[in-house]
Structure formats: structure tokens, C-alpha cells
Amino acid sequence: MNKTMTILSATLLMAGAVTSCQKTTSASMRSAYDRQFEDYPTYNGDDLELSVDSTGTHFRLWSPKAEEVTLNLYDTELNGEPYKTIAMTFQPENGTWSAGEPEKLYGKYYTFKVKHNGKWLDETPGVWAKAVGANGKRAAIIDFAKTDPEGWDTDKGPKVDNFTDVIVYEMHHRDFSISPTSGIANKGKFLALTEHGTTSPDGEKTGIDHLKELGVTHVHILPSYDYNSVDETNLQQNTYNWGYDPQNYNTPEGSYSTNPSDPATRVREMKEMVKALHDAGIGVIMDVVYNHTAENDGSNFELTVPGYYHRHRDDGSYSDASGCGNETASDLQQMRDYIINSVKYWAEEYHIDGFRFDLMAIHDTETMNQVAAELKKINPSIFVYGEGWTAGDSPLPVEQRALKENVAQMTDIAVFSDDIRDAVKGHYSNAEERGFATGKPGNEETVKIGIVAATAHPQVDFSKGNNSKFPYASSPEMIVNYVSCHDDLTLTDKLRKSMPDATDEERMAAAKLAQTIVFTSQGTPFMFAGEEIFRDKKGVHNSYNSPDSINAIDWSLKARNRDQMDYYKGLIALRKAHPAFRMTTAEQIAKHLEFDDIDSEKTPNLISYTLKDNANGDSWKDIKVIFNGGDEAQVVDLPKGTWNAAVKDGKIDTEAGLGAFEKKATVAPRTALILVR
Ligand code: CA
């Protein structure tokens with residue numbers, strides 16, 4: 001199995017790993033091997049590896065046990081010999097090695113070489129390269145002030161009062177713009193998101209104008225730091241990758257820039273993307289993968305400080321909670337500081353508005369708490385969430401892991417709800433299995449766990465939950481609800497595999513119901529790019545390196561599935577207009593959200609609840625939300641008064657003008673009915 005092939009397993013195994021984590025009863029410990037690193041001196045200055053000021057260019061590499069370190073200076077990003085090699089000087093008190101040159105070396109490149117146990121390791125750009133040449137082998141010295149787009153000084157992302165106000169749109173740069181149907185010039189590039197006025201062949205808006213039309217508050221971009229798998233010197237090859245194979249954590253990926261060989265271009269273009277989105281009122285969340293590295297011994301971590309940054313078993317072999325061959329050691333001080341300083345750097349230099357932590361439970365809760373606290377000091381609107389599971393066992397004790405089940409021990413951190421995901425659409429890896437929205441009984445209580453954002457509620461019996469058995473969240477701001485993401489089948493493909501005899505029209509109705517559950521539930525809703533136009537990936541569940549023919553969004557679907565697009569727009573508008581769907585405390589939810597008593601043994605696939613008494617200051621006094629995932633229409637009794645429909649038979653009207661009901665209402669099969677009074 002090659003390196004990139006193993007990358008996917010991290011994402012594939014994830015939800016399965018939740019179960020295995022729950023089964024782990026005895027807490028494991030830091031291995032005997034890793035205990036040797038505990039007394040390494042640490043260094044937390046912001047001048048690590050490179051700083052340039054009026055006195056010249058300064059280098060400082062942290063490598064406490066190195067026997068010698070040399071600095072190589074180059075004129076070029078690739079090939080050729082160094083024009084100068086300098087022996088660096090050791091400072092034992094903080095474990096760093098330093099060197100300097102009296103000029104500003106803008107335009108030059110550098111690497112380090114570390115001697116360890118009598119052996120010279122391969123060259124490395126270090127772990128703090130903020131600019132690199134093509135393929136990230138040499139770090140570049142550039143003037144960052146010159147990379148700022150016009151107006152950058154005053155650039156700001158959207159202000160977020162509560163994280164339940166955020167509506168996340170998860171996208172990959174290449175999926176989003178590579179199809180000729182996007183009408184976008186800079187296909188597959190950061191700059192794609194700076195182009196206005198682009199349209200599909202039918203004249204439908206694409207690109208950033210599409211995002212504005214849809215109404216999402218934030219885009220979540222798949223890994224956009226420098227990753228390993230795409231050859232930046234041969235972009236004509238059109239290689240595709242999700243990018244869960246980190247190489248240089250603190251520099252943008254070169255293949256998303258128009259010129260990977262000019263180190264400043266990727267920096268400037270990523271900033272231009274952020275600026276364009278901010279100008280459109282949209283925040284930018286980055287997917288970050290500090291939990292493992294693409295290479296083991298060849299990673300920049302190992303070439304800089306052998307052993308330190310990764311976790312090991314007692315015999316010194318790499319432990320592998322990522323399923324990708326290794327895992328990092330956030331519980332050691334220098335690695336913890338590294339993660340914290342890296343996200344701070346992205347927030348400050350690139351104005352990033354949020355971070356999605358891949359396999360977050362490989363990190364410890366203490367690190368994640370410090371991440372959120374430090375980011376809050378920079379910008380209180382920064383949203384941090386992650387996958388609250390690992391892909392394999394770890395030496396890190398279960399109680400210290402940033403698991404979904406430990407989210408209440410974290411502040412300002414949210415986790416994905418695999419509860420609602422699997423209960424609504426059916427199991428993530430069992431393609432044929434249906435869920436609540438597609439007529440499979442037995443998921444009602446787990447959907448309710450999703451509706452109350454996994455907070456304690458007097459009418460929800462957590463012991464009947466499919467995935468989680470206790471109310472693990474103490475606030476709805478701790479939960480991200482979704483039915484699909486880049487992993488596994490798209491919602492469209494899942495519905496095609498699990499409803500083989502249905503028409504696409506029937507499947508689109510089921511998709512509407514599934515997303516209505518997500519967008520009306522407490523917590524933060526999250527959707528995968530293109531679902532709003534019923535995009536698919538031709539049934540490929542793990543498309544991490546599939547060609548564009550699988551991954552590209554075909555924008556001609558927008559005109560064809562215009563009704564689906566309008567429904568998603570309506571769901572987002574409804575949620576934005578009505579704070580009842582965005583409560584901020586568990587107490588509010590317990591008080592204002594009341595389920596109707598339905599015996600799910602007798603009437604499966606039916607859930608009805610009321611958001612009552614102007615919940616969270618809503619202008620609507622009472623909102624009745626009814627989901628019918630079954631094959632038959634259902635009749636529901638209504639309390640007295642006139643109830644006006646805001647959602648009915650696959651249509652949405654935020655003014656609730658879809659008809660009036662008294663005493664009883666009929667809910668068509670596979671639809672949501674939302675009534676207000
Ligand atoms: Ca790269």
C-alpha cells in the first residue's frame with residue numbers, strides 16, 4: 001500500500017473508530033520510548049527557523065539532541081548546490097541552533113541538515129517554512145508585506161455571535177471550479193473564488209456568486225496547506241488529491257496557485273481568495289491535519305528532531321492512531337506549542353475564520369482547549385471543530401483524547417455528530433442501508449439526539465442511541481450536524497445505492513427531508529459542496545485521488561435541479577431568519593423544544609416536535625416541525641389555533657404562506673412539514 005493510499009484510511013475508518021474507542025477500557029500510557037522526550041528543553045519564540053529584520057536574516061532551528069546542524073543557502077528552489085553552507089551554533093538552554101547573515105536574503109532559499117546519532121539526515125526546509133519553492137523541498141525567504149492584497153489591513157471575516165449561527169459549506173478547490181461548466185477562468189485555483197459574474201452554460205451563477213446566492217456563512221476548504229501528493233512541477237498531469245498528506249504545515253499548497261515556482265504567488269493568491277470571500281460576507285474555515293504526517297522518517301518533523309514529534313510504541317515503532325502510518329504527539333510541549341502557534345499564524349497572516357481538525361481525538365483535550373483560547377484572543381469569531389474520533393488506537397489515554405464523548409471537557413470546540421449523520425441517511429459505510437429519512441425504522445431516538453444537539457433533554461432516551469449512549473454535549477455550540485461530507489458516498493450516491501428502485505425525483509425528495517432535519521436541528525449545520533444541485537461522485541465513496549471526472553461538480557446540474565437549489569436556499573434563509581433553530585444553551589433546548597408523544601414501534605419514521613414560546617427570541621410563537629421518513633402519509637393532531645405552513649411537500653416559504661391548518665395536518669411520505677402560529 002503506497003503512502004497516499006493509506007491516507008484515505010484515516011477518513012474511512014473514522015466512525016468505526018468511535019466504537020473501538022468506546023470499547024477501550026484500560027487507559028494506555030505514554031510509551032517507555034516516548035518518555036525520553038519529556039525533559040527536552042523547549043523553545044516557544046516566534047523567531048523559529050527564519051526571521052528577517054533591519055539587521056539581516058536570522059535562522060534558529062529547534063533540535064535539542066542534534067550533534068551538529070548546518071544551514072544551506074540556495075539561489076534556486078530545486079537542483080543546484082548551495083551557494084553557502086554555514087555551521088549553526090547551539091544554545092543548550094533552549095535546544096536551538098542559530099546562524100545569521102547581515103543582509104535581507106529575499107529571493108533566496110534555505111534548508112537545514114541535522115546530524116543525529118553520528119549520522120547526517122537528509123535536508124529539510126524545517127517545520128516552520130512559511131514560504132517554499134515547488135514541491136516544498138526548500139524554504140523560501142520572501143517579503144510578506146508584499147504579499148498583501150489591496151485593503152488587507154482592514155480585511156475582516158464575518159462576526160459570529162454564536163457558533164450555532166454558522167452555516168458551513170465544505171468544498172475542495174478543484175471540485176468546485178475545475179469543470180468547464182463552472183465558467184471560471186482560474187480553474188482549480190485559489191483565485192477561482194475571486195471571480196465574480198461567472199455562470200454555467202445555462203446562465204446560472206457559479207463560483208463565489210453561487211455561494212452568495214445560496215446564503216452559507218462560511219466555506220470550509222479541504223486541506224490547503226502544502227501537501228505531498230500532487231507534483232507541483234508537473235501540473236499538466238492534472239493529479240487530484242484531497243490533501244490529507246501534510247508536508248509543510250505553514251505554507252499554502254502550490255498546485256492551487258497559478259505559479260508554484262514563485263514562492264510569493266501562492267501566499268498572495270490565497271490571501272486574495274480570503275479577501276474576496278470576506279468581501280462577500282463569507283468566512284473561511286481551513287481543514288487542518290496536525291494528527292499525522294505524509295511521511296514517517298522522511299517527514300520534516302523527523303528530519304528536524306528525530307522521534308520527538310510523533311508518538312511511538314514501547315519498542316520505538318510509530319504508533320498509528322491515524323491509520324496513515326503514524327500519529328503526532330500533542331501531549332509533548334513543543335508539539336502542543338507547534339499546533340497552537342501554527343493555527344495562530346494562519347489566523348493572523350491569512351485572516352482564517354475557523355479550523356476543522358482532522359482526527360481531532362489524536363490530540364489531547366488540553367491542547368485543543370489552548371488552541372481555542374489562543375484563537376479567541378485573536379478573533380472571538382473563530383470557530384473550531386473536529387472529528388471527535390481516531391482511526392486506530394493510540395498510546396494517549398482515552399480520557400485525555402479530544403473525543404466526541406469528551407467534548408464537554410473542552411471550551412469553544414465542537415464535534416461532528418455521527419449520530420445524526422448515520423441515523424438520518426443510514427450507515428456511512430454500508431451503502432445499501434437506509435436511515436430514518438429513507439424509511440428504515442429504529443433510528444427515531446438517534447435522530448432526536450441530533451435534534452437536541454446531544455444535550456440532556458427530558459424526552460430523549462440516550463440509552464436507545466445507535467452511536468452514543470449519553471448526552472455528551474453540554475451546549476449546542478459543541479455540535480456540528482451533517483448527513484454527508486467529502487468522506488464516503490455523497491448524499492446523492494448514498495440515496496441511489498440505498499433506494500435502487502426509486503427515481504431521482506424521489507431521491508431528491510429524500511435529500512430534502514434529510515437536509516431539513518440537519519438545518520432545523522440545534523447545533524451548527526454543515527453541508528457538502530454541490531449537494532444543493534444534487535451532485536454525485538458516480539458512486540465512488542473514497543475519491544481522495546479520483547480524477548476530475550469523478551470529483552468535479554458539474555454546474556449544468558444547477559439549471560436541471562433548480563428546484564433542489566431553491567429548497568436549500570430556503571432552508572438556509574429559514575434558519576437565518578429564525579433563532580428558534582439556533583438556540584445557544586442546553587437549558588433553552590430542554591425548555592423550549594418539546595417532542596410530541598409518538599410510539600415509534602407503532603408509527604416508525606415519524607418525529608414531531610414544537611419549538612415553543614418564542615424560543616430564543618423568535619418572532620414565531622410556536623413552530624411545529626414534523627418529519628415523515630416513511631412510505632405512507634401520516635396525519636398529525638394539532639393544538640388549537642391556525643397553523644401556517646412554512647415548509648410543505650418539498651417547498652419552503654419563509655413567510656409561512658404555504659397553506660393554513662387547524663386540528664389536523666397530513667404529512668406526505670418522505671417530506672418535512674413545518675407549521676407556525
Ligand atoms: Ca504540495
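These numbers were taken from a predicted model, which means no experiment stands behind them.
Contact check for Arg562 versus Met565: side-chain heavy atoms found under the 4.5 Å cut-off. No side-chain heavy atom of Phe383 sits under 4.5 Å from any side-chain heavy atom of Ser381. Side-chain contact between Thr520 and Gln515: absent, with no pair of heavy atoms (C-beta onward) separated by less than 4.5 Å. With contacts defined as side-chain heavy-atom distances shorter than 4.5 Å, the pair Leu675/Val647 does not qualify. With contacts defined as side-chain heavy-atom distances shorter than 4.5 Å, the pair Phe661/Val636 does not qualify. At a threshold of 4.5 Å between non-hydrogen side-chain atoms, the residues Asp487 and His541 do not count as touching. Looking at heavy atoms from C-beta onward, Val288 lies out of side-chain contact with Tyr249 at the 4.5 angstrom threshold. Side-chain contact between Asp353 and His218 is present, with heavy atoms from C-beta onward closer than 4.5 Å.
Classification of Asp279 and Lys275 as a salt-bridged pair holds, one side-chain N sitting under 4.0 Å from a carboxylate O. Using a 4.0 Å cut-off between a side-chain N of Lys or Arg and a carboxylate O of Asp or Glu, Lys512 and Glu532 do not qualify as a salt bridge. The pair Asp563-Lys651 meets the salt-bridge criterion, since a charged nitrogen lies less than 4.0 angstrom from a carboxylate oxygen. Using a 4.0 Å cut-off between charged side-chain N and carboxylate O, Arg560 and Asp202 make no salt bridge. The pair Lys212-Asp209 fails the salt-bridge criterion, with no side-chain N (NZ, NE, NH1 or NH2) lying under 4.0 Å from an Asp/Glu carboxylate O.
Side-chain N or O atoms of Lys189 include one that pairs as donor or acceptor with a backbone N or O of Ser257 at under 3.5 Å. In terms of modelled atom types and a separation under 3.5 Å, the side chain of Thr206 and the main chain of Thr198 share a donor-acceptor contact. In this structure, Asp419 contributes its side chain and Ile449 its backbone to no donor-acceptor pair below 3.5 Å. For Ser417 (side chain) and Asn481 (main-chain N/O), no donor-acceptor pair under 3.5 Å exists by modelled atom type. Formation of a donor-acceptor pair under 3.5 Å by the Glu232 side chain with backbone atoms of Ala134 is not found in this model. Under a 3.5 Å cut-off, the side chain of Asn248 and the backbone N or O of Asn250 do not form any donor-acceptor pair. Judged purely by atom type and a 3.5 angstrom limit, Lys538 uses its side chain to pair as donor or acceptor with the backbone of Ser549. Not a single donor-acceptor pair under 3.5 Å links the side chain of Asn186 to the backbone N or O of Ala192. Put simply, the side chain of Asp226 never gets that close to the backbone of Glu253: no donor and acceptor are under 3.5 Å apart. Remark: the backbone N or O of Ile178 is not paired with any side-chain donor or acceptor of Ser182 at under 3.5 angstrom.
Scanning both residues, Ile623 and Ala580, for their nearest heavy atoms gives CD1-CB, 3.7 Å. Heavy-atom minimum distance, Arg677 versus Thr642: CB-O, 3.3 Å. In this structure, Val447 and Ala423 approach most closely via the heavy-atom pair CG2-CB, 3.8 Å. Closest heavy-atom contact between Ser498 and Ala431: CB-O, 3.6 Å. Closest approach of Gly450 to Ser521, counting heavy atoms only: O-CB, 3.8 Å. Minimum heavy-atom separation, Arg582 to Thr164: O-OG1, 3.3 Å.
For the atom pair OG1 (Thr217) and CZ (Phe163), the distance works out to 11.0 Å, reported to the nearest 0.5 Å. Atom CZ of Phe627 sits about 7.0 Å away from atom CG of Leu513, to the nearest 0.5 Å. Taking OG1 from Thr654 and CD1 from Ile572, the interatomic distance works out to 13.0 Å, rounded to the nearest 0.5 Å. Interatomic distance, Asn162 CG to Asp165 CG, rounded to the nearest 0.5 Å: 5.0 Å. Taking CZ from Phe528 and CG from Leu489, the interatomic distance works out to 11.0 Å, rounded to the nearest 0.5 Å. Atom CD1 of Ile652 sits about 7.0 Å away from atom CD1 of Ile674, to the nearest 0.5 Å.
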**Request:** Take Ser255 and Tyr227, measure what side chain to side chain contact (heavy atoms under 4.5 Å, CB included) needs, and give me the verdict at the end.
**Result:** CA-CA 9 Å; Ser255 66; Tyr227 59 77; 4.2 Å; yes
**Derivation and outcome, side-chain hydrogen bond (donor to acceptor under 3.5 Å, both in side chains), residues Thr233 and Asp231** = CA-CA 5 Å; Thr233 63; Asp231 182 359; 2.7 Å; yes
**Message:** Working note: Asp536 + Arg496, criterion side chain to side chain contact (heavy atoms under 4.5 Å, CB included); need CA distance, chi angles, decisive distance, verdict.
**Reply:** CA-CA 10 Å; Asp536 63 51; Arg496 286 189 179 142; 2.8 Å; yes
**Prompt:** Do Lys146 and Asp148 pass the salt bridge (Lys or Arg N to Asp or Glu O under 4.0 Å) test, and can you show the C-alpha distance, the side-chain angles, and the key distance before you say yes or no?
**Reply:** CA-CA 6 Å; Lys146 291 190 177 155; Asp148 293 349; over 6 Å; no
**Request:** Test side-chain hydrogen bond (donor to acceptor under 3.5 Å, both in side chains) on Lys537 and Thr490 and set out the steps.
**Result:** CA-CA 7 Å; Lys537 288 199 278 190; Thr490 63; over 6 Å; no
**Request:** Step by step, work out the salt bridge (Lys or Arg N to Asp or Glu O under 4.0 Å) result for Glu433 and Lys425.
**Result:** CA-CA 8 Å; Glu433 190 193 280; Lys425 71 168 182 187; over 6 Å; no
**Worked check of side-chain hydrogen bond (donor to acceptor under 3.5 Å, both in side chains) between Thr258 and Glu269** = CA-CA 8 Å; Thr258 58; Glu269 290 179 349; 2.5 Å; yes
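Stacking of Arg266 on the aromatic ring of Phe190 is not recorded, the 6.0 Å distance cut-off and the 45° axial limit not both being met. A cation-pi contact, defined as under 6.0 Å to the ring centre and within 45° of the axis, links Lys271 to Tyr350.
Side chains of Asn241 and Ser229: a donor-acceptor N/O pair is present below 3.5 angstrom, by distance only. Under the 3.5 Å distance criterion, with hydrogens and angles disregarded, no donor-acceptor pair is assigned to the side chains of Lys558 and Ser200. Defined by atom type and a distance below 3.5 Å, a donor-acceptor pair is present between the side-chain atoms of Tyr567 and Thr516. No hydrogens or angles considered: a donor-acceptor pair under 3.5 Å links the side chains of Ser543 and Asn551. Between the side chains of Asp287 and Tyr225, not a single donor N or O lies within less than 3.5 Å of an accepting N or O.
With Arg535 as reference, Asp175 is the one residue of Asp493, Asp175, Thr492 to meet the side chain to side chain donor-acceptor pair (under 3.5 Å) rule.
Two rings, from Trp152 and His351, have their centers less than 6.0 Å apart. In summary, the aromatic rings of Phe526 and His220 are positioned with their centroids under 6.0 Å apart. Between Trp555 and Phe176, the ring centre distance stays below 6.0 Å. A centroid separation of less than 6.0 Å is found between the aromatic rings of Phe416 and Tyr385.
The aromatic rings of His172 and Tyr240 lie parallel to each other, their planes meeting at an angle below 30°, with 60° marking the opposite boundary.
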